Amino acid sequence: MSRLQLALNVSNLEEAVTFYSTYFNTVPAKVRPGYANFAIVNPPLKLVLFEGAGSPGSINHLGVEVATSDEVTATTDRLSRAGLATEIEEQTTCCFAVQDKVWVDGPDGSRWEVYTVLADASEDGDVAGDQGCCTTDPLEASSASANTTCC
């Protein structure tokens, strides 16, 4: 199971959830304050919404969700061998989930991650509200918390 991830900044989470629920004919897999995600079967897509992070209507970041940590490791090895700078995060709690992931920057600065979800995290954990967790600005992310850019 692999699927493309699209993380969007939205101005009103409730309106966005209503729209995307209708558009994709599905309900969110997870909703938390300022955050929602959809695990869409057709087309295979992980749609993530962030309220109040970045310009509304803009892309927060992009990614690929994979099934296992081994797939994250294999991707990290492949990207590193190709000469791309990678940022590895293991057992990181972000977007209300524990994840292993690798980040790379596209040629125009777009942030891409390959990640797997290891476990769900509680709504009242370290990432409650999750504002500042996922961001396209690496400087903002490094000063936001111990949990840097993520999803």
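Only this structure's heavy atoms are used, side chains among them; waters, hydrogens and symmetry mates stay out. This is a predicted model, so every value here is computed, not measured.
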**Q.** Residue pair Val114, Glu71: steps toward the side chain to side chain contact (heavy atoms under 4.5 Å, CB included) verdict
**A.** CA-CA 9 Å; Val114 173; Glu71 291 174 88; over 6 Å; no
Q: With sequence neighbours left out, write down each residue that passes ring-ring contact (aromatic ring centres under 6.0 Å, His included) with Phe19, or none if nothing qualifies.
A: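 Here the qualifying residues are Tyr23.
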Which atom pair, heavy atoms only, marks the closest approach of [X] to [Y]?
X      : Y     : result
Pro28  : Val31 : CB-CG2, 3.6 Å
Val104 : Ala85 : CG1-O, 3.6 Å
Asn12  : Glu51 : CA-OE2, 3.4 Å
Arg32  : Leu13 : O-CD2, 3.8 Å
Arg3   : Ala39 : NH1-CB, 3.5 Å
Lys30  : Ala97 : NZ-CB, 4.0 Å

With [X], which residues qualify under side chain to side chain donor-acceptor pair (under 3.5 Å), at least two apart?
X     : value
Thr18 : none
Asp70 : none
Thr26 : none
Ser58 : Asn9

Could you give the distance from [atom1] ([X]) to [atom2] ([Y]), rounded to the nearest 0.5 Å?
X     : Y      : atom1 : atom2 : result
Ile88 : Thr75  : CD1   : OG1   : 11.5 Å
Glu90 : Leu118 : CD    : CG    : 9.5 Å
Asn25 : Asn42  : CG    : CG    : 10.5 Å
Leu45 : Ile40  : CG    : CD1   : 4.5 Å
Asn37 : Leu49  : CG    : CG    : 8.5 Å

Q. Would a 4.5 Å heavy-atom cut-off, applied to side chains only, mark Tyr35 and Pro33 as touching?
A.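 A side-chain contact under 4.5 Å is absent here.
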Q) Are side-chain heavy atoms of Lys46 and Leu4 found at a separation under 4.5 Å? A)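 Sidechains of Leu4 and Lys46: no contact.
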Q. Going through the distances and angles, do Leu62 and Leu6 end up as a side chain to side chain contact (heavy atoms under 4.5 Å, CB included)?
A. CA-CA 5 Å; Leu62 303 159; Leu6 173 60; 3.7 Å; yes
**Q.** Side-chain donor/acceptor of Thr116 to backbone N/O of Val66, under 3.5 Å
**A.**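 Yes; at least one donor-acceptor contact below 3.5 Å.
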Q. Hey, does the side chain of Asn60 reach the backbone of Leu8 with a donor-acceptor pair shorter than 3.5 angstrom?
A.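 No: the side chain of Asn60 does not pair with the backbone of Leu8.
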Q: May I have the step-by-step check of side chain to side chain contact (heavy atoms under 4.5 Å, CB included) for Asp105 and Arg111, ending in yes or no?
A: CA-CA 5 Å; Asp105 289 334; Arg111 298 282 291 161; 2.7 Å; yes
Q: If the plane angle is over 60° it's perpendicular, under 30° parallel, otherwise tilted; pick one for Tyr20 and Phe38.
A: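 If you compare the ring of Tyr20 with that of Phe38, the planes turn out perpendicular.
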**Q.** Same apolar cluster (I L V M F W Y, side chains within < 4.5 Å links), Tyr115/Val98
**A.**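 Not linked; separate clusters.
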Q | Same apolar cluster: Leu47 and Val27, side chain cutoff 4.5 Å | A |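 No, Leu47 and Val27 fall in different hydrophobic clusters.
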**Q.** Name of the residue among Glu113, Glu65, Glu87 meeting side-chain hydrogen bond (donor to acceptor under 3.5 Å, both in side chains) with Lys101
**A.**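 Among Glu113, Glu65, Glu87, the one that satisfies the side-chain hydrogen bond (donor to acceptor under 3.5 Å, both in side chains) with Lys101 is Glu113.
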Q) Do any pairs count as a salt bridge (charged side-chain N to carboxylate O under 4.0 Å, His left out) and have a residue in residues 75-84, sequence neighbours left out, and if so which ones? A)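 Every pair satisfying salt bridge (charged side-chain N to carboxylate O under 4.0 Å, His left out) with a residue in residues 75-84: there are none.
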Q: Might you work through the side chain to side chain contact (heavy atoms under 4.5 Å, CB included) test for Cys94 and Glu89, ending with a clear yes or no?
A: CA-CA 10 Å; Cys94 187; Glu89 294 183 33; 5.8 Å; no
